[in-house]
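Read through the structure below, which is laid out as structure tokens, and then see the notes.
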Amino acid sequence: MKLKEQINHLIQDAFVKAGIDEKPISVTEATQPQFGDYQFNGAMALAKKLGMNPRQIAQELAGHIELGGIITKTQIAGPGFINLWLNPSWIATACEAAFHDTRLGISKNENPLKVVVDYSGPNMAKQMHVGHLRSTIIGDTLANLLEFLGDEVIRQNHIGDWGTQFGMLIAYLEETGNEGSAQLCDLEQFYKEAKARFDADEAFANKAREYVVKIQSGDQHCLNLWQKFIDSSLGHCEEVYGKLCVKLTREDVKAESFYNEDLPQVIEDLLAQGLLKESDGAQCVFLEGEEIPVIVQKGGGGYLYATTDLAALRYRANVLGAKRICYVVDARQGEHFKQVFQVAKTSHFVPEDVKLEHVAFGTMMDRSGKPFKTRDGGTVKLIDLLEEAVVRAKESIKNKEGMSLEEIDELAKIIGIGAVKYADLSINRESNYIFDWDKMLSLEGNTSLYMQYAYARIQSIFRRFGGEIEANIQISDELEHRLSVMLLRFEEVLLKAAQDAAPNQITTYLYELVGLFMRFYEQNPILKEDVSKELQMSRLALSALVARTIKEGLEILGIEVVNKI
RNA sequence: GCGUUCGUAGCUCAGCUGGAUAGAGCACUCGCCUUCUAAGCGAGCGGUCUCAGGUUCGAAUCCUGACGGACGUACCA
């Protein structure tokens with residue numbers, strides 16, 4: 001249900017009827033319940049433009065707003081606000097329609113857009129740490145969201161599997177043989193040991209350097225070892241993805257090395273277009289208005305990540321056919337993407353109509369507000385964080401009666417992992433954020449547990465009721481009115497969140513929805529004796545809609561629900 | 001130095017396509033379980049929206065400047 005859009009149509013009609021040849025600004029949700037459900041604030045600006053009295057214009061417009069359908073009442077307030085009240089019977093009918101629709105009345109994009117979402121992108125030389133959390137879950141949420149709205153999503157995991165440190169790791173893998181394979185289960189440790197060997201033993205260091213060259217020239221033995229290493233490392237990532245309920249699979253992996261063959265061609269094509277310029281021995285693209293050039297080939301002939309990104313961009317645009325490409329990457333790389341996108345467009349590697357977006361997110365800070373250091377042993381491994389989350393969730397499960405040990409474990413997993421993901425998804429992605437165990441693993445307030453709890457409460461009612469729910473909704477009070485309108489807003493919230501690539505808009509919505517539901521639950525009895533059959537059925541149907549909205553919303557965020565808590 | 005970005009309650013954060021008395025959670029105080037799951041609900045406390053100008057009928061939101069933090073600033077990714 002595109003609620004706001006429908007109201008905007010009515011306003012537009014009123015404009016036409018009033019003979020005003022302007023495009024009205026969109027209505028917004030009322031700031032206070034006393035001001036109705038929606039408000040139109042465009043009269044003041046319009047008055048200015050037409051040189052008229054704002055209240056008079058508001059009066060004129062309000063007089064032309066069609067009543068009886070969606071809107072039941074209008075009111076002029078303040079300097080010229082037009083407050084709008086929605087028609088309860090119309091709301092009820094709309095909710096009933098949503099009830100009968102498997103997609104809650106949310107339409108699918110009729111012209112699906114092919115979208116590439118690039119996210120996670122772990123480095124194969126290292127274990128995933130908390131710094132990878134945001135890209136992984138924001139990206140997955142964005143992909144889920146676009147998929148739900150009907151777009152054709154292509155997930156891309158641009159893993160870092162190429163570079164000088166691999167020579168060292170592979171040399172060490174070979175040296176340790178099968179024993180080394182076993183040690184790979186702790187990548188961090190493996191890396192440290194390899195580094196220690198590299199620093200201590202000159203012969204080993206030379207061998208490592210040789211290996212880099214050999215891999216790059218296609219030596220089969222070295223490539224086999226390299227492949228073995230990558231497989232193992234990727235296995236670690238998949239373990240994390242599994243725990244996180246992130247949908248990335250091997251199919252989505254397009255590693256850096258995948259683009260190797262195209263790199264010389266990228267340089268050649270740039271050269272052919274006269275975009276390259278040598279500077280201090282390196283091949284550069286100098287962009288207008290940019291002081292610092294984009295270096296695409298080192299003085300020694302090696303390629304850089306800008307080169308790989310250009311190759312990846314044109315692969316995605318031309319081979320995959322994407323019309324929107326989203327890079328869910330740390331905000332610190334903003335300058336890099338700005339430049340690479342510009343090169344991709346000026347070189348026509350990527351057609352003009354393809355939207356390139358850097359879905360940036362903030363830097364992680366420690367508790368004192370300083371940047372989270374990853375070098376000084378301050379790294380928190382992602383796998384450890386997730387395990388800790390599950391342990392904490394398990395400790396907090398109070399009512400263990402009636403639940404088997406397996407059920408408790410399962411519940412702890414869902415609550416704990418949900419808490420971690422929700423904590424991250426619910427803050428504005430662009431701002432920096434504080435990494436704090438207590439905050440992240442908290443189960444109070446605006447957390448996933450709040451939504452899961454509401455969901456479980458509703459399921460509990462359904463179990464008690466046991467019958468078939470018929471959607472025959474009647475809005476019996478102010479609270480039910482607001483709850484229903486909130487339910488109908490879901491589609492537009494999702495659309496806006498997709499457009500802005502902002503998961504926190506979804507969490508904010510869910511929190512408001514559930515907040516309303518909790519009050520409704522406390523105040524409006526459902527299965528009590530003195531509740532009429534009609535009212536009972538109506539409230540059951542509203543509860544069912546709330547439950548399904550929570551479930552769908554959390555599913556997009558990659559968080560599960562449970563029937564019992 | 002230059003650039004990007006942020007600065008909202010004691011803490012963590014929403015709100016930022018300009019709109020009516022700036023919202024939550026945590027913490028603190030006080031109510032509510034013989035009644036559908038109290039991991040909940042209600043009430044209270046708490047703010048010169050960093051500061052100074054400007055635009056506007058109207059600014060937390062837009063513009064300029066200052067201060068403070070974070071990040072980036074050519075051969076790492």
Side-chain angles (χ1 to χ4, degrees), chain A residues 25-26 28 30-32 34-35 39 41-42 44-45 47-48 54 77-81 83 121 123 158 160 162-165 256 279-284 286 290-300 302-306 308-309 329-336 338-339 360 362-363 365 367 369-371 396-399 415 423 426-428 430-434 436 438-439 442-447 449-450 452-454 456-465 496 504-505 507-508 511-512 515 518-531 536 539-540 543 564-565:
Chain A
I25 59 165
S26 174
T28 57
T31 52
Q32 310 264 338
Q34 73 209 40
F35 299 143
Q39 56 183 205
N41 301 334
M44 282 82 83
K48 176 87 178 170
F81 297 104
N83 296 332
N123 188 328
H158 191 80
W162 209 246
T164 47
Q165 74 267 57
E256 277 183 305
S279 176
D280 290 338
Q283 294 299 325
C284 307
F286 284 86
E290 294 277 343
E291 285 191 25
I292 295 148
V294 182
I295 300 177
V296 290
Q297 190 170 24
K298 295 193 232 184
Y303 304 106
L304 297 99
Y305 72 133
T308 314
D309 278 337
V329 181
D330 194 304
R332 283 178 286 195
Q333 293 189 41
E335 190 70 13
H336 164 71
K338 193 178 149 205
Q339 292 189 326
T363 311
M365 311 295 219
R367 221 187 267 240
K370 291 185 181 128
S396 74
I397 296 174
K398 289 187 282 190
N399 296 330
I415 292 176
S426 61
I427 60 170
N428 186 325
E430 292 187 71
S431 51
N432 293 346
Y433 84 112
I434 312 276
D436 180 341
D438 293 329
K439 175 89 203 305
S442 155
L443 296 172
E444 283 175 6
N446 183 11
T447 64
L449 181 64
Y450 186 64
Q452 288 164 329
Y453 181 58
R457 275 182 145 184
I458 296 170
Q459 298 312 311
S460 172
I461 294 172
F462 293 163
R463 278 195 299 275
R464 268 170 193 274
F465 174 65
K496 183 74 166 37
N504 76 308
Q505 292 177 12
T507 62
T508 298
Y511 187 58
E512 281 173 20
M518 287 295 195
R519 287 171 61 190
F520 162 81
Y521 178 91
E522 301 278 341
Q523 287 178 34
N524 298 17
I526 300 173
L527 301 179
K528 301 292 166 60
E529 280 172 13
D530 53 347
V531 182
Q536 190 173 93
R539 288 177 178 171
L540 280 168
S543 301
K564 235 198 261 184
I565 286 181

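Below, chains carry the letters A, B, ... as their sequence lines are ordered, and counting in each starts from 1. The structure presented is a predicted model; accordingly, all values stated were derived computationally and were not measured. Excluded from the calculations below are hydrogen atoms, water molecules and symmetry mates; all remaining heavy atoms, backbone and side chain alike, are included.
Annotation: B/rA24 and B/rA14 have their C1' atoms spaced 7 Å apart (nearest Å). Here, B/rU48 and B/rC6 have their P atoms 23 Å apart, quoted to the whole Å. Nucleotides B/rA77 and B/rC11 have their P atoms positioned 41 Å apart, rounded to a whole Å. B/rA20 and B/rG58 have their P atoms separated by 14 Å, given to the nearest Å. Between the P atoms of B/rG15 and B/rU50, the separation comes to 15 Å (whole Å).
A/T31 comes within 4.0 angstrom of a base, heavy atoms only. In this structure, A/K528 reaches the bases: a heavy-atom distance under 4.0 Å links it to at least one base atom across the strands shown. Note on A/G160: nothing from the nucleic acid sits closer than 4.0 angstrom, heavy atoms only. If you check every strand for non-hydrogen atoms under 4.0 Å, A/N524 touches a base. At a threshold of 4.0 angstrom between heavy atoms, the contacts of A/K564 include nucleobase atoms, whether or not backbone atoms are also involved. Counting non-hydrogen atoms under 4.0 angstrom, A/L527 reaches a base of the nucleic acid. A/S279 comes within contact range of at least one nucleobase, with a heavy-atom separation under 4.0 Å. Heavy atoms of A/M518 sit under 4.0 angstrom from primed sugar atoms or phosphate atoms, though from no base atom. Note on A/N428: only backbone sugar-phosphate atoms sit closer than 4.0 angstrom, heavy atoms only; bases stay farther off. In this structure, A/Y511 reaches the sugar-phosphate backbone alone: every heavy-atom distance under 4.0 Å involves primed, P, OP1 or OP2 atoms, never a base. Among the protein residues, A/Q39 comes within range of the nucleic acid bases, having at least one heavy atom under 4.0 Å from a base atom. Within 4.0 Å (heavy atoms only), A/E256 reaches sugar-phosphate atoms of the nucleic acid but no base atom. As judged by a 4.0 angstrom heavy-atom cut-off over every strand, A/A360 is placed among residues making no nucleic acid contact.
When each of B/rA14, B/rC75, B/rG72 is scored by its nearest atom to the side-chain atoms of A/D280, the top-ranked nucleotide is B/rC75. When distances run from any side-chain atom of A/N432 to the nucleotides B/rG19, B/rA70, B/rG72, the shortest one goes to B/rA70. With B/rA20, B/rG15, B/rC36 as the choices, the nucleotide that has an atom nearest any side-chain atom of A/N504 turns out to be B/rG15. In the set B/rA14, B/rA24, B/rC36, B/rC36 carries the atom at the smallest distance from any side-chain atom of A/S460. The listed nucleotides are B/rG40, B/rC36, B/rA77; the one nearest the side chain of A/Y305 is B/rA77. When distances are taken from the side chain of A/E444 to each of B/rC26, B/rU35, B/rA77, the shortest belongs to B/rC26. In the set B/rG19, B/rG42, B/rA20, B/rG19 carries the atom at the smallest distance from any side-chain atom of A/M44. Comparing B/rG72, B/rA20, B/rA14 against the side chain of A/F81 picks out B/rA20 as the nearest. Comparing atom distances between the A/A77 side chain and each of B/rG23, B/rG15, B/rA20 picks out B/rA20 as nearest. Closest to the side chain of A/N83, from the set B/rC75, B/rG23, B/rA20, is B/rA20.
Dashed line: the shortest gap from a side-chain N or O of A/S431 to OP1 or OP2 of B/rA14 is under 4.0 Å. Using a 4.0 Å cut-off, no side-chain N or O of A/K338 falls inside it from OP1 or OP2 of B/rG3. Contact between the side-chain N/O atoms of A/R457 and the OP1/OP2 oxygens of B/rC36 is not found at any separation under 4.0 Å. The phosphate of B/rU35 has neither OP1 nor OP2 within less than 4.0 Å of any side-chain N or O from A/Y521. For the pair A/R332 and B/rU5, the criterion of a side-chain N or O lying under 4.0 Å from OP1 or OP2 is not met.
Ring planes of A/Y511 and A/Y450: tilted class, angle from 30 to 60°.
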Worksheet, complete the sentence: Given Watson-Crick and G-U pairs under 3.5 Å, RNA chain B in dot-bracket ([ ] crossing, | other strand) is (((((((..((((.....[...)))).(((((.......))))).....(((((..]....))))))))))))....
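Nucleotides of RNA chain B nearest to A/L443 and A/H336 differ in position, and the one nearer the 5' end is that of A/L443.
Going from atom CD of A/Q523 over to atom P of B/rG40 covers 17 Å, rounded to whole Å. Between the CD atom of A/E430 and the P atom of B/rA14 there is a distance of 10 Å, rounded to whole Å. In this entry the distance linking CZ of A/R519 with P of B/rG42 reads 6 Å, nearest Å. Atom-to-atom, CH2 of A/W162 to P of B/rA77 comes out at 13 Å; the value is rounded to the nearest Å. One atom, OH of A/Y433, and another, C1' of B/rA14, lie 18 Å apart when rounded to the nearest Å. In this structure, CD1 of A/I434 is placed 12 Å from C1' of B/rC6, rounded to the nearest angstrom. Taking atom CD1 of A/I427 as the reference point, atom C1' of B/rA70 lies 14 Å away to the nearest angstrom. Protein atom CD1 of A/I461 is 10 Å distant from nucleotide atom P of B/rC36, rounded to whole Å.
Side-chain to base pairing of A/Q34 with B/rU21: one donor and one acceptor N or O lie within less than 3.5 Å of each other.
For B/rC33, the O4'-C1' to base torsion is within 90° of 0; the nucleotide is therefore syn.
You cannot call A/Y453 stacked on the base of B/rG40; the centres under 5.5 Å and planes under 30° rule is not satisfied.
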